[in-house]
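Notes for the one structure printed next.
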Amino acid sequence: MELLIKNARIVDHAQDFIGDIYIKDGIINEVGRDISEKGCRVFDALGIVVMPAFTDLHVHFREPGFTYKEDIESGSRAAARGGYTTVNLMANTNPPCSSMDIVNQVMERVGSVGLVDAFQCVSITSGMQGDEISHLDLITEPVKCLSDDGKGVASSGLMLKAMQKCKEKGLVIMSHAEDASISKDDYRLAENLMTWRDLQLCRESGAHLHMCHVSTKEAIDYITQAKLEGLNVTCEVAPHHIYATDSLDYKVNPPFRKMSDIEAIIAAIKLGIVDAIATDHAPHTSEDKRQGAPGISGIETSFPLCYTSLVKKGHIDLCKLSDIMSRRPAEILGINKGRIGVGCEADLVIVDIEDCYEIDPQKFASKGKNTPFAGDKVYGKVLITFKSGRIVYDYKDE
Ligand code: DOR
Ligand code: ZN
């Protein structure tokens with residue numbers, strides 16, 4: 001399979017120029033200003049932006065057990081529609097993913113759907129019960145990350161042991177920083193306390209700690225200090241926490257924050273403290289939302305929310321956005337994606353950054369239509385997503 005993309009505005013973390021991309025056997029074979037015809041299919045991209053497809057470190061596809069909210073097929077279609085070709089799946093399924101059996105089942109399903117690549121997290125504590133971690137001894141490749149996302153690990157001693165295990169096995173430990181004994185009354189304190197605690201445990205263990213959906217000024221300040229100190233910590237920020245404040249009444253964990261938090265997070269993005277944008281794509285049915293389920297179906301609105309609130313407003317350029325949506329998250333997972341360079345996988349996304357359009361959840365491929373952003377006018381529309389040079393989403397098919 002060969003494809004020649006001509007006359008595109010090629011943007012990744014380090015380049016922004018008009019040129020061509022030649023793809024052969026799913027790999028980027030040549031990138032240049034004027035690549036000669038190869039006798040293969042030519043895609044004329046005159047006037048449109050081509051970027052590396054996005055990688056999402058934090059996604060809930062709900063399989064097994066909650067497939068009425070989302071399943072691997074609908075989730076994969078939603079990811080492709082959002083411009084993503086790699087996702088890191090959370091373990092708060094039913095049963096929670098605490099064994100290689102479930103990992104293998106999920107990986108097989110993802111492969112048979114074939115639209116995106118996926119990694120499956122294993123829970124930090126067995127069954128996400130918060131009381132033991134003996135299952136971690138049985139965890140092998142292809143697992144890269146552990147996470148009890150949806151809950152914080154209450155026991156500091158257990159979290160330290162889990163981090164020591166991660167250090168030994170070369171795994172990334174992802175922290176949903178929420179002290180549940182406080183979050184009902186004060187979610188800010190709950191996030192700040194647990195962020196601070198996990199950074200101390202990171203220093204103690206030397207494990208790679210990844211802080212999920214950082215949302216407060218204090219938490220990002222602690223992480224900045226930790227990074228300056230040289231701790232092995234990375235962090236992600238969710239698009240909705242950058243785009244909207246707590247003036248919006250919508251349940252999500254962590255909650256929407258204040259303008260001063262958003263400003264601190266944007267400053268941290270500019271300084272290179274934020275490693276990744278991660279959606280925390282959390283699909284729910286409308287009935288579950290009525291019953292108080294937290295979360296936003298966010299993978300299909302990630303690029304427009306980030307483009308509109310970060311690039312369009314002039315905080316960062318498109319190269320920087322590509323860095324935190326593609327290059328760095330791919331690097332954290334250790335995959336050969338996220339750049340437009342010879343030898344990289346040809347996972348690309350074509351976006352329209354000129355047109356202003358309205359978010360319409362009824363068009364989501366996700367089963368979860370839960371978003372507080374319906375009707376919002378945004379910039380940055382995903383038109384086509386390529387995985388290994390093959391089209392996995394095309395807006396014209398809608
Ligand atoms: O809002 C959220 N929803 N935050 C989480 O941490 C979990 C997620 C979910 O699984 O629905
Ligand atoms: Zn979480």
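In each ligand, atom 1 is the first atom listed, and ligand 1 is the first ligand listed.
Contacts of Arg62 with ligand 1, taken as heavy-atom pairs under 4.0 Å, involve the side chain alone.
Less than 4.0 angstrom separates some heavy atom of Gly150 from each of these atoms of ligand 1: 6 (O), 7 (C). In the vicinity of Asp149, heavy-atom distances shorter than 4.0 Å reach the ligand 1 atoms 5 (C), 6 (O), 7 (C). Within ligand 1, the atoms closer than 4.0 Å to a non-hydrogen atom of Ala282 are 3 (N), 8 (C), 9 (C), 11 (O), numbered from 1 in the order shown.
Of all protein heavy atoms, the one closest to atom 6 (O) of ligand 1 is His176 CE1, 3.0 Å. The protein heavy atom nearest to atom 3 (N) of ligand 1 is Pro294 O, 3.0 Å.
Taking a cutoff of 4.0 Å between a charged side-chain nitrogen and a carboxylate oxygen, Arg33 and Asp20 do not qualify as a salt bridge. A salt bridge links Glu218 with Arg188: at least one charged nitrogen is closer than 4.0 Å to a carboxylate oxygen. Between Arg327 and Asp12 no salt bridge is recorded (no basic side-chain N to carboxylate O distance below 4.0 Å).
A heavy-atom separation below 4.0 Å is not found between His58 and ligand 1. Contact analysis puts His284 in contact with ligand 1, with a non-hydrogen atom separation below 4.0 angstrom.
Remark: among candidates Thr93, Asn253, Ile296, the nearest residue to atom 5 (C) of ligand 1 is Asn253, based on non-hydrogen atoms.
The only member of Ile350, Asp394, Val349, Ile23 that meets side-chain contact (heavy atoms from CB on, under 4.5 Å) when paired with Phe386 is Ile350. Paired with Val106 under the rule side-chain contact (heavy atoms from CB on, under 4.5 Å), one option of Ile102, Asn104, Val103 passes, and it is Ile102. Considering Glu236, Met90, Glu178 in turn, Glu236 is the only one that fulfils the side-chain contact (heavy atoms from CB on, under 4.5 Å) rule with Cys212.
Residue Val252 has no nitrogen or oxygen atom sitting less than 3.5 Å from a nitrogen or oxygen atom of ligand 1, judged on distance alone.
Taking backbone and side-chain atoms together, Asp149 has an N/O/S atom less than 2.8 Å away from the Zn ion (ligand 2). When distances to the Zn ion (ligand 2) are checked against a cut-off of 2.8 Å, His213 contributes an N, O or S atom below that limit.
Note on ring orientation: taking the six-membered ring where Trp is involved, the planes of Phe54 and Phe303 are parallel (angle under 30°, cut-offs 30° and 60°).
Within His176, the N, O or S atom at minimum distance from the Zn ion (ligand 2) carries the name ND1.
In the hydrophobic clustering of this structure, Ile299 groups with Ile324; members are Ile, Leu, Val, Met, Phe, Trp, Tyr whose side-chain heavy atoms approach within less than 4.5 Å, directly or through other members.
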Apply side chain to side chain contact (heavy atoms under 4.5 Å, CB included) to Gln15 and Ile340, showing your working.
-> CA-CA 9 Å; Gln15 52 192 348; Ile340 299 187; 4.0 Å; yes

